[in-house]
S.K.: 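Sharing a structure, written as structure tokens. Questions coming.
All heavy atoms count here, side chains included; hydrogens, waters and symmetry mates do not.
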Amino acid sequence: MATRGFDLDPAMVSTVVNIVKSLVNEEGQITVEGRTIQYKAKGRVHSLMEPWVYDGTAWDVMSGISEKAKHYKSKQGAIEHATLKLLERLKRDGLLGGRKEL
């Protein structure tokens, strides 16, 4: 018995892929003290007990410094924690919030 292939419109396939990506992943940017901070969250399969989690990454465009936050239940949680870690590091390194203490 022969199987028949599906005749799918490439534009429709692309639209479906983009919708799925937007549900699973998120990207964006904010500006803090004149610095552009980009962020993203990606969903992934983790385990049978906890099947889906999100990992977040935030990076400072000017310096290239980045921080990651792994294993969160929501995209927002992953993004928030990665961004907070990055802002704390930038402050500690003297790149935010005034001068670096010696």
S.K.: Do Arg44 and Asp55 have side chains that approach each other closer than 4.5 Å (heavy atoms only, starting at C-beta)?
M.R.: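 Counting from C-beta outward, Arg44 and Asp55 do come under 4.5 Å.
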S.K.: So Ser63 and Leu90, do their side chains get closer than 4.5 Å, heavy atoms only?
M.R.: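 Yes, their side chains come closer than 4.5 Å.
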S.K.: About how many Å separate CD1 of Ile65 and CZ of Arg35, when rounded to the nearest 0.5 Å?
M.R.: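 Rounded to the nearest 0.5 Å, the CZ-CD1 separation comes to 7.5 Å.
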S.K.: Got a second to check how far Ser66's OG is from Arg89's CZ, nearest 0.5 Å?
M.R.: 7.0 Å
S.K.: Is Val32 linked to Trp59 within one hydrophobic cluster, defined over Ile, Leu, Val, Met, Phe, Trp and Tyr using a side-chain heavy-atom separation of less than 4.5 Å?
M.R.: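 Shared cluster, no.
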S.K.: Decide yes or no for Tyr39 and Glu80: does some side-chain heavy atom of the first lie under 4.5 Å from some side-chain heavy atom of the second?
M.R.: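 Answer no - side chains too far apart.
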S.K.: Could you tell me if the side chain of Ile30 sits less than 4.5 Å from the side chain of Thr83, heavy atoms only?
M.R.: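 Yes, close enough: below the 4.5 Å cut-off.
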S.K.: My understanding is that only one of Val61, Leu96, Asp60 makes a side-chain contact (heavy atoms from CB on, under 4.5 Å) with Ile37; could you say which?
M.R.: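 Exactly one candidate clears the test, Asp60.
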S.K.: Got a second to check how far Lys68's NZ is from Lys85's NZ, nearest 0.5 Å?
M.R.: 10.0 Å
S.K.: What I'd like to find out is whether the side chain of Met62 reaches to under 4.5 Å of the side chain of Thr36, using heavy atoms alone.
M.R.: no
S.K.: Ring-plane angle category for His46 and His71, please: parallel below 30°, perpendicular beyond 60°, tilted otherwise.
M.R.: perpendicular
S.K.: Looking at every heavy atom in both Ala78 and Gly56, which two are closest together, and how far apart are they?
M.R.: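 Ala78 and Gly56 have their closest heavy atoms at CB-N, 3.5 Å.
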S.K.: Is there a path of hydrophobic side-chain contacts, each under 4.5 Å between heavy atoms, that joins Leu84 and Tyr54?
M.R.: no
S.K.: Output the distance between atom NZ (Lys42) and atom NZ (Lys70), rounded to the nearest 0.5 Å.
M.R.: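 That separation rounds to 11.5 Å.
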